[in-house]
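Scope of the values below: all heavy atoms of this structure, side chains included, with no hydrogens, waters or symmetry mates. By convention in this document, chain letters (A, B, ...) are assigned in the order of the sequence lines, proteins followed by strands, and residues within each chain are numbered from 1.
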2 protein chains.
Amino acid sequence: MPKLDESLLRPLPPFSKLDDSAIRAILDQSTSRRFEKGSTVFEEATAAESFFLLLDGTIRVVRITTEGEQVTALHIPAGQLFGIARALGRDTYPATAVAASEGVVLSWPTRLWDGFVAQYEGFATETYKTIGDRVGEMNTRIVEMSTQHVEQRIARALLRLVKQSGKKVTEGIEIGFPITRQDVSEMTGTTLHTVSRLLSAWEKEGLIISKRKKITVCDPHRMVTLGGT
Amino acid sequence: MPKLDESLLRPLPPFSKLDDSAIRAILDQSTSRRFEKGSTVFEEATAAESFFLLLDGTIRVVRITTEGEQVTALHIPAGQLFGIARALGRDTYPATAVAASEGVVLSWPTRLWDGFVAQYEGFATETYKTIGDRVGEMNTRIVEMSTQHVEQRIARALLRLVKQSGKKVTEGIEIGFPITRQDVSEMTGTTLHTVSRLLSAWEKEGLIISKRKKITVCDPHRMVTLGGT
DNA sequence: CGCAAACTTTGCGTTTGCGCAAACTTCTGG
DNA sequence: CCAGAAGTTTGCGCAAACGCAAAGTTTGCG
């Protein structure tokens, strides 16, 4: 077990109101694990045996259609809980979680969930806020998919990624994990071809710089404009 | 105040595990109100002053884009709680609720929420199950919007409506509240024209019968097939 | 009873973005 | 250092669905 201490969890939403001993106790019951890029943390429809906290990296939450197409529902940034099926009364995971970059997660057996909720004041509340945010995001996704054109959807998707995991570099803001055109297409409900064409065009205009698996937004302001009113 | 008794709430999820006196107490604090078709129960981004239980009718949960287009996120069937922003740590409503048919709702001031959760065992759990179901539905919507063609989306939307509020009639199963092509288009992210064309075609094939504001699915099995694998 | 409003149908031209195909570039492992 | 895998670019043709327009139908209200 790697050395972990209270200061790690302290700033994160579900733990912010707990005292050191509580956090210590929670930490002691956790398992830490490193994930390679592309590896699966848990799979849709399997028994929700654990819930997770992402310490480092980014998780892609995907669903796979009967035709085998992948759809990315959500990206989880470092510092958030995920796989918390139990909080919504489910006993299987509703989607698959894939590591978008290498990363580290803590996990606890799901059976501890109810105890944490009962024992630690504010734990549930903070968790439900996170879920609330995700519901909001999903809602926004539905609205976007219903009303916007591919160009706007891709612009917004990039902005979301930048906001969640952007790193400042000299040329602009870079998305903090490796991402392919295919990935972007799965987030926006389009094809990698269309994404490629669009990114090429944007690069010519100086809006972005894109290398293999890497996208840097140079002109966020103009990107926002493209994203729609 | 109309006469309400325990038997009304008893069978509904959040109350199923409470005893008569608890339900009585909850009921005593509620306000009952009738809504006309098309009237707004609450509006997006306004302070979440109440939460609601739909006793009769159907609620359409919509978001309005900056361009003024409406997108229907969800339909709430009779018997469910809604407007429970508080449960997800929000203090404003994330969407607008419109009565799709006339109906009756009970409401409580939001400040009572935390008390209910604390006081009544199982109340929160059951509520979160409902939310979990809705999250699942939204997820499915995203996947559909990403991967399916208009025809499939409309087929599925109709099936969802039929499942939620279908009434058996001699010709098939009829959607239990008035619904226009416009409404269907707002559920599926398309235009009323496309919906009209498609429904006309389906009617010619005997798949459905549609009158003004009324749709009856005659051949649900074939409709499922149209909805995709 | 008649008019206006709400809802529906249908036609036609246009466009967006997909599907397919092929070539090209960058990485990785032996 | 080379071969193959993984990722990207680009061209071309096509079909789904939109946008616009106009006319038809049903309903409710005065």
Side-chain angles (χ1 to χ4, degrees), chain A residues 36-39 60 65 67-71 98 100-102 144-155 157-158 175 177-205 208-216 226 228, chain B residues 36-39 60 65 67-71 98 100-102 144-155 157-158 175 177-205 208-216 226 228:
Chain A
E36 293 307 312
K37 187 182 73 172
S39 55
R60 216 156 30 96
T65 66
E67 283 90 19
E69 293 170 288
Q70 289 201 0
V71 177
V98 180
S101 57
E102 57 165 20
E144 286 179 8
M145 297 288 305
S146 300
T147 62
Q148 306 208 295
H149 287 184
V150 167
E151 184 177 36
Q152 303 178 294
R153 299 209 302 268
I154 294 178
L158 294 186
I175 292 172
F177 54 91
I179 185 164
T180 66
R181 324 278 143 162
Q182 175 78 35
D183 292 333
V184 176
S185 77
E186 285 170 7
M187 295 178 60
T188 51
T190 180
T191 62
L192 80 160
H193 308 282
T194 302
V195 174
S196 180
R197 275 180 250 272
L198 207 46
L199 294 193
S200 297
W202 283 348
E203 184 149 24
K204 278 201 192 75
E205 294 173 26
I208 62 167
I209 297 171
S210 80
K211 301 266 180 289
R212 181 177 239 236
K213 289 192 174 195
K214 196 138 280 298
I215 302 173
T216 306
L226 276 176
Chain B
E36 293 307 312
K37 186 182 75 174
S39 55
R60 217 156 29 97
T65 67
E67 283 90 18
E69 294 170 289
Q70 290 201 0
V71 177
V98 180
S101 58
E102 55 165 21
E144 285 179 8
M145 297 288 305
S146 300
T147 61
Q148 304 210 298
H149 286 185
V150 167
E151 184 177 36
Q152 302 178 296
R153 299 209 302 268
I154 294 178
L158 294 185
I175 293 171
F177 55 91
I179 185 164
T180 67
R181 324 277 143 163
Q182 175 78 34
D183 292 333
V184 176
S185 75
E186 285 170 8
M187 295 178 60
T188 51
T190 179
T191 63
L192 81 162
H193 308 280
T194 302
V195 173
S196 180
R197 277 180 249 272
L198 206 46
L199 293 193
S200 296
W202 284 348
E203 184 150 23
K204 278 202 192 76
E205 294 172 24
I208 63 168
I209 296 171
S210 78
K211 302 265 180 288
R212 180 178 239 236
K213 290 192 172 197
K214 196 139 278 299
I215 303 173
T216 306
L226 275 177

Provide, to the nearest angstrom, the distance between the [atom1] atom belonging to [X] and the [atom2] atom belonging to [N].
X	N	atom1	atom2	answer
A:L192	C:dT25	CG	P	18 Å
B:R153	D:dA17	CZ	P	7 Å
B:R181	D:dA17	CZ	P	18 Å
A:M145	C:dT16	CE	P	18 Å
B:K213	C:dT8	NZ	C1'	12 Å
B:K211	D:dT27	NZ	P	10 Å
B:Q148	D:dA16	CD	C1'	15 Å
A:H149	D:dA17	NE2	P	13 Å

Are any non-hydrogen side-chain atoms of [X] and [Y] less than 4.5 angstrom apart?
X	Y	answer
A:T190	A:L198	no
A:R197	A:S200	no
A:R60	A:D183	yes

query = For B:T191 and D:dG19, is the shortest distance between a side-chain N/O and OP1 or OP2 below 4.0 Å?
reply = no
query = Has A:T180 got a side-chain N or O lying under 4.0 Å from the OP1 or OP2 atom of D:dA6?
reply = no
Could you list the protein-to-nucleotides 20-23 of chain C atom pairs, N/O on both sides, closer than 3.5 Å?
{"from": "C:dA21", "atom 1": "N6", "to": "A:H193", "atom 2": "ND1", "distance (Å)": "3.4"}

query = Paired with D:dC29 by Watson-Crick or G-U wobble geometry, both distances under 3.5 Å: which nucleotide is it?
reply = C:dG2
ask   = Which part of the nucleic acid does A:L199 contact within heavy-atom distance under 4.0 Å: base, sugar-phosphate only, or nothing?
value = nothing
key: Sugar-phosphate only, base, or nothing, as touched by B:S196 at under 4.0 Å among non-hydrogen atoms   = base
query = If you check the B:T190 side chain, which of C:dG17, D:dA17, D:dT8 turns out closest?
reply = D:dA17
ask   = Checking B:Q152 side chain against B:H149 main chain: does a donor-acceptor pair fall under 3.5 Å?
value = yes
inquiry  = Tell me whether A:R153 contacts the main-chain N or O of A:T188 through its side chain, where contact means a donor paired with an acceptor under 3.5 Å.
reply    = yes
Nearest-nucleotide 5' precedence on DNA chain D, B:E69 against A:K204 = A:K204
ask   = Testing A:R212, A:K37, A:E102, A:K214 for side-chain contact (heavy atoms from CB on, under 4.5 Å) with A:P178, which one passes?
value = A:K37
query = Between the base of D:dT8 and the side chain of A:R212, is there a donor-acceptor distance below 3.5 Å?
reply = no
task = For A:I215 and A:L158, work out which heavy atoms get closest and say how close.
result = CD1-CD2, 4.0 Å
